[in-house]
Structures are given as structure tokens and as C-alpha cells.
Amino acid sequence: MPPQTRRTSFPKVVIDRDTDSEESSSDEDEIDEEDDVVGEEEVTEPKADEEEGEEEQEKSVTKKKTPITISLKKVCKVCKRTGHEAGFKGATYIDCPMKPCFLCKMPGHTTMTCPHRVATEYGVVPAPRRNTHSSLDYVFQRQLRPHIPKKGQLGVWDFCKVYEKTVYSEIHGCILNNMKLNPRNDGTVYTGSSDGTACCVDLETGISLSLMNLNPNGWQGPSTWRMIYGLDINLDKGVVLVADNFGYLYTVDMRSNNVTGKPILIHKKGSKVVGLHCNPLQPDLLLSCGNDHFARIWDMRQLETGSSLVDLPHKRVVNSAYFSPLTGSKILTTSQDNRIRVWDSIFGSLDSPSREIVHSHDFNRHLTAFRAEWDPKDQSESLVVIGRYISENYNGAALHPIDFIDISTGQLVAEIMDPNITTISPVNKLHPRDDILASGSSRSLFIWRPKEKHEIEKPIDERKIVLCGKAEKKAKRKFGDESDCDSDDDGFTTKGKTVKSKQPYLDSTSTSKSKSKSKSKSKSSKKP
DNA sequence: ACGAGATGGACCC
DNA sequence: TGGGTCCCCTCTCG
């Protein structure tokens with residue numbers, strides 16, 4: 001397939017590949033629509049259609065223009081220059097050499113030769129069409145057009161009966177950005193949504209209690225619509241903390257289920273507060289992170305704008321920031337600059353992170369943000385799980401693994417992938433007590449259960465995969481409902497067929513090239 | 001099977 | 001500060 005990099009307004013071009021020499025020395029100048037055209041014919045923009053709408057104009061352009069046959073050498077789909085090509089070469093994605101490294105963002109090399117990693121896979125040409133709608137119009141659209149598929153559903157599974165799913169669709173009208181189980185009563189969950197409401201939901205009955213509504217007057221346009229992102233529970237103070245896309249923090253009293261006090265601006269005005277986390281040992285400490293490239297530590301006793309105890313700067317948006325789960329003294333952040341950052345002690349100097357670990361999670365929109373999550377069982381507070389964005393070639397398949405990283409060394413301890421799960425898995429949660437990983441992608445939810453404790457790099461031979469949406473329906477049609485918690489079968493069901501495999505899915509030795517230059521052989525050594 | 005579109009952030013002026 | 005434009009490994013739906 002020839003590179004498709006044109007806008008729709010450009011006339012249809014028949015590309016005639018030319019491997020031998022010099023016709024295209026005219027590629028020095030600016031990257032413009034016309035610049036790649038080396039042929040004789042000049043392309044002129046139409047002037048007559050000024051009155052027509054955008055779409056009409058575009059249509060007529062393509063109609064009037066006759067295909068031009070041009071002769072070009074290889075065109076890079078990224079920078080649109082000739083002489084090199086970006087994209088897939090077989091199963092490997094070749095980076096554009098004119099751009100900084102896609103992984104570590106440093107100039108001078110590409111992902112292929114990046115000291116932090118190699119390997120690419122799976123190409124995609126971005127949709128060329130522009131969208132003139134406001135990013136939030138869909139909220140409004142859905143109110144007018146009820147046939148738009150329902151969003152904001154809350155699904156509940158018992159991971160022992162993975163095909164028994166309960167879906168509550170009436171709680172939120174928009175995507176749920178954050179959920180937190182009530183630690184006192186895990187039969188209830190607190191949710192925050194882009195519809196601007198926060199709820200307390202009974203998981204058994206689906207009965208929900210609205211805690212707050214940031215858009216009491218309904219849709220007044222995108223500039224005023226508030227969405228809830230950050231959410232956490234502070235049991236000691238008996239409050240649920242919630243933050244919105246305008247930089248504000250709200251406090252909800254858990255007894256009265258009412259908002260108390262005034263909203264407090266904790267991040268740059270108008271910027272999204274992506275995450276909140278209360279310190280597990282020190283109830284007065286709150287950690288927040290946002291689109292203003294900061295993570296901030298706050299003292300709950302004196303919460304006011306500008307009163308943060310510490311500001312932790314990042315180079316780009318901070319997807320998540322968490323205190324360590326047992327001592328609460330470490331901080332782990334994930335930023336869109338492809339770096340996981342670790343601060344070893346909140347009691348020491350926080351001037352700069354103790355470590356920055358390069359990891360591919362700089363996603364191309366339309367994807368849930370990757371978040372490095374602690375293993376709550378790891379006594380040394382050094383094991384972290386996070387999905388990976390760029391794929392690798394695993395026996396010819398492009399897969400996006402889920403990485404386990406030792407944040408004390410930066411080494412990749414294990415990576416999980418499954419030949420049948422080709423989607424990216426941005427959402428990952430480790431079980432608080434058992435060795436279970438729940439992992440979510442756009443199409444499936446899957447549960448990993450390593451046989452031996454704390455040896456996640458061992459082959460996993462008991463797995464559960466839950467398919468969602470279309471894939472789920474397909475599978476159900478074929479197999480009917482299925483519940484196989486105690487099954488000894490080491491096959492699994494997915495995409496409508498059962499696959500048996502004895503292959504190890506966690507083979508850290510075969511991928512030692514990634515992340516770590518010096519691979520540790522004693523992986524379970526850091527375990528208690 | 002193919003292509004449009006959903007939709008967020010960076011960067012530029 | 002605000003609108004316009006661009007964007008490198010998505011994914012689904014029509």
C-alpha cells in the first residue's frame with residue numbers, strides 16, 4: 001500500500017514508485033501540500049466554490065480534479081519528505097529519522113536504536129479528516145439523539161464466574177473516569193464521571209446515590225461543562241475527594257453524602273485534575289496530579305489554592321500519581337513524556353525524582369491513559385504494573401504486553417502477553433491479597449492468576465478472559481454461558497474458539513533486550 | 001474490506 | 001489567552 005498522507009482536498013494522486021535515481025531533488029523546502037509533487041502538472045486550488053460549505057467544496061474539488069500521475073521516490077508518511085520511509089517494514093515499524101525518538105523523546109536516534117528499548121509493530125495511518133466539532137458536543141448530541149449508544153456503563157464481575165456479568169447503565173450518562181471501592185464496605189463503590197456527577201453505588205443492587213452534580217443547569221456548551229476525573233476516599237476524615245476538569249477539588253462528606261466547603265483550585269485554572277490519592281498512613285496528606293504537568297502534595301488541614309506542600313514538575317501531562325501502598329512514603333507517577341518517575345521518600349528531598357524509567361505509554365488519543373500501579377502485596381514497595389503502548393513482534397504477532405517493573409532498579413521483571421489479545425491493555429489492577437491481575441482493554445477484561453506466589457515471570461497457566469461487547473456476544477452464541485473457575489483446563493476461550501497452548505506467556509528471558517541492559521537472573525530475590 | 005470518526009493535547013501565531 | 005492545526009504502533013462501526 002502506498003503511503004496515504006494527503007488531505008482530502010488534494011486531488012487523487014496515482015503514485016508511481018521509482019526506485020532509481022534522481023528526480024526528486026526538489027524536496028528540500030518546506031513541507032507543504034504540494035511539495036511532494038514532482039511531476040509536470042501544477043496543482044491549483046479552486047477559487048470558485050467560496051460560497052459552498054466546507055464539505056461541498058471538498059467534494060467538488062475531488063470531482064473536478066483528474067488523477068495525476070506523478071513519480072516519486074519513497075515518501076515518509078510522518079515528515080512527508082523523500083529519501084526515507086516511516087512505517088512498517090514487514091512486522092517492524094521504522095521510525096522517521098527526522099523526528100526525535102518515539103520512545104525516549106530524545107533526538108539523534110530512533111526507537112530502533114534507543115538505548116531504552118527497541119522494537120515496534122502495528123501501523124496505522126491517522127484519519128485525514130478534520131473534525132470541526134467541539135470536543136464536548138457529543139455530550140449534547142446524546143441528549144438530543146437517544147439512539148447514540150449508551151455510555152457510562154458500570155460492569156460488575158465475580159472473577160470466579162467470569163461470564164456472569166452485571167451491567168448498570170443508568171448510573172452515569174458519560175464515561176466513568178474513576179472508581180473506588182469503599183474500604184469499609186466493598187459492596188459499594190464511589191464513581192466519578194464525565195457527566196459531572198459522583199455517585200455511591202451498591203454493587204449488588206445497582207442502586208446509586210448521587211453525591212454531587214457539577215452541571216445542575218445541563219448543557220450550556222463545552223466551555224462550562226464540568227467533568228469529574230480524580231477521585232479518592234479518605235476514611236480517617238470520612239470524606240470522598242473529587243476533582244474536575246477545571247482544576248478544582250471538591251469534598252463530599254461520607255455520612256451526609258453532601259458536598260462540604262467550597263471547591264478549591266488545586267491545579268492550573270481550566271486544567272484537568274486527573275488523579276487524587278490519599279496517603280495510606282498519613283490521612284493529612286493528599287497527592288494530586290493534572291494536565292498542568294504537576295503532581296502536588298497537599299496538607300488536608302490547610303487546603304487552599306497555592307498552599308501545596310510540594311510541587312513535582314513533569315515534562316508533560318501526569319496520568320497518575322500514587323503514594324506507595326504500605327508505608328506511603330514513596331511516590332510513583334506516570335507521565336505522558338514516556339517516563340515513570342519514582343521519589344523514594346517523601347521525607348527526603350523531593351527536588352528531583354529518585355529515578356526516571358523510560359517506558360512506552362505516550363498514547364495517541366482515544367485511549368485510556370496508562371497508569372503505573374503498585375503491587376499492594378509487595379513488602380518492598382518496588383513492584384509496579386503498567387500496560388505498554390508500542391507493540392513487539394512475538395512470533396510474528398504484534399502484541400502489547402503488560403509490564404511488571406522493578407522501580408528500584410528500573411528493570412523489566414516480567415511482561416504478560418497473550419497471542420489472542422492483540423489490543424492494548426491500559427487498565428491494570430493487582431489484587432490486594434491474591435496473586436491476581438485484572439486487566440482491561442477495549443475489547444476484553446482478563447484475569448491472570450500466576451500459580452506460584454510472587455513469581456509472575458513464571459508461565460501463567462490459569463487464566464480467565466472475559467470478552468466484552470461484540471466479541472462477547474459472538475462467543476456466547478457459540479458456546480453459551482460459561483463458568484469455569486475451578487477448571488483445570490489450561491486452554492482458554494476467546495474470539496469464539498478455545499485455544500490450547502502450553503507456551504509460556506511470560507518469558508522474560510526472550511525479551512531481556514528490552515528495558516534492561518543488564519538483566520537480573522534472580523528475579524524473585526527482592527521478594528520477602 | 002475499507003474508511004470515517006471519536007476526541008485530547010501540543011504547538012504556533 | 002485563544003483559535004487553528006497537526007498528530008508515529010487505536011479501535012469500532014457503517
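All chains are named by letter (A, B, ...) in the order of the sequence lines, taking the proteins before the strands, and each is independently numbered beginning at 1. The structure displayed is predicted, hence computed values, not measured ones.
- At least one donor-acceptor pair closer than 3.5 Å links the side chain of A/N428 to the backbone N or O of A/S425.
- In this structure, A/N291 reaches the B/dG9 phosphate: one of its side-chain N or O atoms is under 4.0 Å from OP1 or OP2.
- Using a cutoff of 4.0 Å between basic side-chain nitrogens and carboxylate oxygens, A/D362 and A/K105 are scored as salt-bridged.
- Whole-Å rounding puts the A/I390 CD1 to C/dT10 P distance at 11 Å.
- In this structure, A/Q336 atom CD and C/dC8 atom P are separated by 15 Å, rounded to whole Å.
- Of the candidates C/dC11, B/dA10, C/dT10, the closest approach to any side-chain atom of A/H366 belongs to C/dT10.
- With rounding to whole Å, A/R316 atom CZ is found 15 Å from B/dG8 atom P.
- For the pair A/D337 CG and B/dA10 P, the interatomic distance rounds to 10 Å; values are reported in whole Å.
- Map A/P100 and A/K268 each onto its nearest nucleotide of DNA chain C; the residue landing nearer the 5' end is A/K268.
- A straight line from NE2 of A/H361 to P of C/dC8 spans 18 Å, rounded to a whole angstrom.
- We find that CZ of A/R365 is positioned 15 Å from C1' of B/dC11, with the value rounded to whole Å.
- In this structure, A/K269 places its NZ atom 10 Å from P of C/dT1, rounding to the nearest Å.
- With A/Y190 as the aromatic partner, A/K180 does not meet the cation-pi criteria of under 6.0 angstrom to the ring centre and within 45 degrees of the ring axis.
- Between the NZ atom of A/K315 and the C1' atom of B/dA10 there is a distance of 16 Å, given to the nearest Å.
- Less than 6.0 angstrom separates the ring centroid of A/H277 from the ring centroid of A/Y322.
- Of the candidate nucleotides C/dC7, C/dT10, C/dC8, C/dC8 has the atom lying nearest to any side-chain atom of A/F102.
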